[in-house]
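Read through the structure below, which is laid out as structure tokens, and then see the notes.
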Amino acid sequence: MFVARSIAADHKDLIHDVSFDFHGRRMATCSSDQSVKVWDKSESGDWHCTASWKTHSGSVWRVTWAHPEFGQVLASCSFDRTAAVWEEIVGESNDKLRGQSHWVKRTTLVDSRTSVTDVKFAPKHMGLMLATCSADGIVRIYEAPDVMNLSQWSLQHEISCKLSCSCISWNPSSSRAHSPMIAVGSDDSSPNAMAKVQIFEYNENTRKYAKAETLLTVTDPVHDIAFAPNLGRSFHILAIATKDVRIFTLKPVRKELTSSGGPTKFEIHIVAQFDNHNSQVWRVSWNITGTVLASSGDDGCVRLWKANYMDNWKCTGILKGNGSPVNGSSQQGNSNPSLGSNIPNLQNSLNGSSAGRYFFPPLDSPRAGSRWSSYAQLLPPPPPPPPPLIEHSCDADTASLQYPHPRRRSLSRPLNPLPENEGV
Amino acid sequence: MLCASKALRCALRELPGGGASRAGTGRVGGGQSESVRDVQFSIRDYFTFASTFENGNVQLWDIRRPDRCERMFTAHNGPVFCCDWHPEDRGWLATGGRDKMVKVWDMTTHRAKEVHCVQTIASVARVKWRPECRHHLATCSMMVDHNIYVWDVRRPFVPAAMFEEHRDVTTGIAWRHPHDPSFLLSGSKDSTLCQHLFRDASQPVERANPEGLCYGLFGDLAFAAKESLVATESGRKPYTGDRRHPIFFKRKLDPAEPFSGLASSALSVFEMEPGSSSMSWFVDTAERYALAGRPLAELCDHNAKVARDLGRNQVAQTWTMLRIIYCSPGLVPTTNLNHSVGKGSSCGLPLMNSFNLKDMAPGLGSETRLDRSKGDARSDTVLLDSSATLITNEDNEETEGSDVPADYLLGDVEGEDDELYLLDPEHAHSEEPEYVLPQEAFPLRHEIVDTPPGPEHLQDKADSPHVSGNEADAASLVPVDSSFSLISVSHALYDSRLPPDFFSALVCDMLRFYAEQGDVQMAVSVLIVLGERVRKDIDEQTQEHWYTSYIDLLQRFCLWNVSNQVVKLSTSRAISCLNQASTTLHVNCSHCKRPMSSRGWVCDRCHHCASMCAVCHHVVKGLFVWCQGCSHGGHLQHIMKWLEGSSHCPAGCGHLCEYS
């Protein structure tokens, strides 16, 4: 179950990206105020800003961590047409005493002539590489040949996508059977109905990236794209944030069957498509095992999606952005007006057993530094519900599918987490 | 008309309405050492003008006093390329410089005060206030940037509008009419003159992503969203926005402006409750699984128990089934015998973890006898007998005594089991309050598909009530759930007929299933535990893929020891070399303090044995701990014990060693 911890970010403009590091103990945020902030998690679980510095002379769109094997390294990209690589300096200084760390710019990548919209480090097994994409539709792949020297990056590949790019995602698979692959999304809003997601694959023979697939069904502007952590799967899962949330699987067709040397062919299936956000979807993010997808949309909510054993994807949770109480039915939008009335039924079906409905009490003073701003608590006989922050049910059929599981009922623990904790 | 020269002067000629005939010429400013970049008459004051300089200064002049400037201040870091007075009577002056900034100064106060500062992405060559819009100004750059931006000075980071028509640098901009905010003219080095309509401008604000979202390692979610997005539904005004910029919300906004005030984001982290973290099962499992060093059946049982403790019944079930498939005594003749006798011998012990030692001893004894009689044609029948009579203790007394090797084996296994039993209650005790994990299992449907249908029916027919009753007696630690006992009992019924190869395809499918489900931990653990039994059926590349994925995951959770164990236990060459790269340890001799050049324990130079324990004076092999101050050290255990009693170095060198 979730507890919302609100953090006074103190960015002076919109925050465009949040990124956890490899170990999940540090967090970086970037904002239009041209700065990047690094947050470290203390023993008590509070997030402390340990560095904040001006990184670019324009809005910083994205920030991303490199694998810690390469040091504490961040990359950022900006409206000012550059991407930059930053490294934390470890050493004795006065800053350390104040709990501040020092980050230095190692390089600026200035090849783009337009806004650089995304930057991503390649999976570790490929070495120290990073990809950027820009509004002029070019994906650039850089490599630092010497991992000890972060100031030298050479431009290895330039891939032209023909469309203004908004997001990229590396395929994280470490299998030798999967050649390096990168998916590119475009937010081009011109009326032509071109496919907005292209997938490029590295060809060992030509040593170039070539287009492997185009997702023809995605024709609306794409704002985010994310491959799921692979974890030994033979296929790839790709989540796309466009006007709705979509999840695709890409199954490589066995090499023997295709002509050798050419790009891998994929069997592409759309396994889920959700318009529950009722609006533009801005971000998608996978959990570490690639089993739960989080998406956020213009409705200000985060929704969690998880597949059941039949590979049916369902909504398993809704989180409200600022941790404040919202009206449950209005948050559902018009598509599910029945949710409010649905709650009593759910309770009845559970026979009064405490199966975990969590409500957040109203905030006393919402922002005063990083601290517990709201506590989840169980209100045993649900009163006329204070609007739930976290819905464990998305709509009527989901609820009926999830709750009256006999085992759950017999093992009614008051604070059971979401079903995804099984993690399988 | 004002004109300024790049030379050291600033010149002024005044041409009042009458025309050139009455041109009174005057010179203003003498002895300026810097060249002037721009001069502009004030709109507010007839006699005042501003001039900007290469060195970053801005001067304010009164034309009636040509000898010295009225006011001077440093506006920019580097040349100030341009300035523009606000068209309305406000006394605001905008200046743009090479430092990529546009600053708005309030000149009405005694000291020029910076009221706004806009960061652009290139040096600012021209700046022009937009008519009829108090806070808008247009800028262009003569450097790399070809675009024209219109900024709202109150939101200094994001341009309100952007014109991207020019293909080369824009050299000049002008609003077409002093009272029309929609037409902008611009000239460029691409030989074009453009008239832009404000309506057509692209608005970067609209395209900017208002949200950030990231899934953390432990299932926590960081979410940053534009406050208006998350606040609208609750019907509240964004709190911080109000507080931070109170003025803008009070002022009546110009309807022509594309947005109102500043936007800010709310950042929050949705965390899992401590202990209920969605990945704690992974960490626990990784730490507690036994992967090697014990007989297969024990490993399976132990791992099954770990999984069940964590509420992962499906996984527990799988381990139990693996044990049944691979460890039933009927297999002993057929399994590869390069596994230790210990493994084979303890096979066939049903429900090891629910037995106490007394029960186990006779079981072991009978098994060992079986072992010795393997190859016998009657082994199968004996097997059935033994498992049937297992529960009765007295029956087995003589078997235990009769076998000489049984004692050895017994002692061995017993010792390990002691450890197991010592550990487990402790775990169970300490973890019960801590890990509130869902008891909810994954639906079992597919698992049933995995098991061969034939034995399943047999198993149903097995006299389960009888056996499970016995087990309930024997179970001292763990309540056995009934399905478990059902399956575990059934082994004797079908294992004797089916060779393990029969299952290997199924087991491989099962491993793949787990991998596809994102539980690579299970795939790798089973792969290691079963070793040769399944390895040949899964292609090398897949195995390697699983290993690398699992190791990566372990390292994310900082489970270095587990990850190293996995690396060590892996058979894939690409994996097992992982922990051998770049792990050089440089050692100095503790006698002569010189680097040890050769391999081994003896120092080349002083011919002393280098790694003696300072406590027991024996050579240390294995874990060696040094004091970094005096370089004395020894067995970890010895040093720990020593330093409990004394803070001085055990070698007697007088150093106060610190052990942390």
Side-chain angles (χ1 to χ4, degrees), chain A residues 1-7 9 11 13-20 22-24 27 32-34 57-59 80 174-177 231-233 282-283 285-291 294 296 300 302 309 319 321-324 326 330-331 366-367 407-408 411 415-417 420-424, chain B residues 100 119 121 157-158 208-219 221-226 229-231 233-234 239-240 263-273 276 278-279 281-282 436-443 445-446 515-520 523 541 545-546 548-549 556 558:
Chain A
M1 63 166 296
F2 286 98
V3 178
R5 187 190 285 255
S6 136
I7 296 167
H11 274 295
D13 207 310
L14 286 186
I15 296 173
H16 296 297
D17 198 16
V18 190
S19 171
F20 280 115
F22 186 73
H23 296 297
M27 181 169 74
S32 262
D33 69 4
Q34 309 176 350
S57 46
S59 298
D80 72 359
S174 57
S175 168
R176 276 185 290 136
L231 293 192
R233 288 185 191 88
W282 288 109
R283 287 288 191 236
S285 177
W286 288 97
N287 75 338
I288 196 71
T289 52
T291 49
S296 72
V302 178
Y309 60 97
L319 301 151
N322 58 356
S324 70
V326 285
S330 78
Q331 149 197 345
R367 332 209 162 268
R407 197 183 302 251
R408 262 188 96 82
L411 295 165
L415 290 176
N416 266 352
E420 80 253 24
N421 290 340
E422 181 66 8
V424 179
Chain B
K100 305 180 182 176
Q119 279 279 350
I121 67 172
F157 307 112
V158 188
N209 198 325
E211 285 176 349
L213 178 70
C214 189
Y215 230 120
L217 197 56
F218 301 94
L221 267 167
F223 180 49
K226 192 174 172 180
L229 285 183
V230 293
E233 274 144 319
S234 60
Y239 193 127
T240 37
S264 65
S265 288
L267 175 66
S268 47
V269 177
F270 298 103
E271 289 174 355
M272 307 298 285
E273 279 271 276
S276 76
S278 74
M279 286 307 280
W281 63 267
F282 177 88
V436 202
L437 275 164
Q439 292 296 317
E440 179 218 353
F442 213 75
R445 188 180 296 178
H446 59 92
E516 318 272 90
Q517 292 287 311
D519 190 2
V520 74
Q541 228 167 42
H545 187 194
W546 290 349
T548 49
S549 307
R556 270 184 186 261
C558 300

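Computed from heavy atoms alone, side chains included, the values below leave out hydrogens, waters and symmetry copies. Reminder, nothing fancy here: chain letters follow the sequence lines and each chain counts from 1. It should be emphasised that the depicted structure is a prediction, and the values quoted were computed from it without experimental measurement.
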Practice item. Quick one: closest heavy-atom pair of A:Ala294 and B:Leu221, and the distance? Key: CB-CD2, 3.6 Å
Review point. Can you name the nearest heavy-atom pair linking B:Phe223 to A:Ser296, along with the distance?
Key: CE1-CB, 3.3 Å
Revision key, fill the gap. Honestly, the part of A:Trp282 sitting under 4.5 Å from a heavy atom of chain B is both
Exercise for review: Indicate the atoms forming the closest heavy-atom contact of A:Ile288 with B:Leu217, along with that distance.
Suggested key: CD1-CD1, 3.4 Å
**Study point:** Most chain A-contacting option - heavy-atom pairs closer than 4.5 Å, from B:Ala222, B:Ala515, B:Ala224, B:Cys214
**Key:** B:Cys214
Review point. From B:Phe270 CZ over to A:Ser6 OG, what is the distance, rounded to the nearest 0.5 angstrom?
Key: 9.5 Å
Check your understanding: Say you draw a straight line from CD1 of A:Ile15 to CG of B:Leu267; how long is it, rounded to the nearest 0.5 Å?
Key -> 5.0 Å
Check your understanding: Please walk me through it: do A:His11 and B:Ser265 pass side chain to side chain contact (heavy atoms under 4.5 Å, CB included)?
Key -> CA-CA 7 Å; A:His11 274 295; B:Ser265 288; over 6 Å; no
Practice item. Mind ranking A:Ser59, A:Gly290, A:Ser32, A:Gly24 by heavy-atom pairs under 4.5 Å with chain B and telling me who comes out on top? Key: A:Ser32
Revision key, fill the gap. d(B:Gln541 CD, A:Arg176 CZ) to nearest 0.5 Å is 5.0 Å
Practice item. Output, in order, the C-alpha distance, side-chain angles, deciding distance and verdict of side chain to side chain contact (heavy atoms under 4.5 Å, CB included) for A:Ser174 and B:His545. Key: CA-CA 6 Å; A:Ser174 57; B:His545 187 194; 3.8 Å; yes
Practice item. Compare every heavy atom of A:His23 with every heavy atom of B:Phe218, then report the nearest pair and how far apart it is. Key: CE1-O, 4.0 Å
Exercise for review: Provide the closest heavy-atom pair for A:Arg233 versus B:Glu516 in the form atom of the first, atom of the second, distance.
Suggested key: NE-O, 2.9 Å
**Study point:** Atom pair OG (B:Ser264) and CG (A:Asp13), whose distance is rounded to the nearest 0.5 Å
**Key:** 8.0 Å
Practice item. For residues B:Asn209 and A:Asp17, determine if any side-chain heavy atom of one lies less than 4.5 Å from a side-chain heavy atom of the other. Key: no
Practice item. Considering non-hydrogen atoms only, spot the tightest contact between A:Thr291 and B:Gln517 and give its length. Key: CG2-O, 3.4 Å
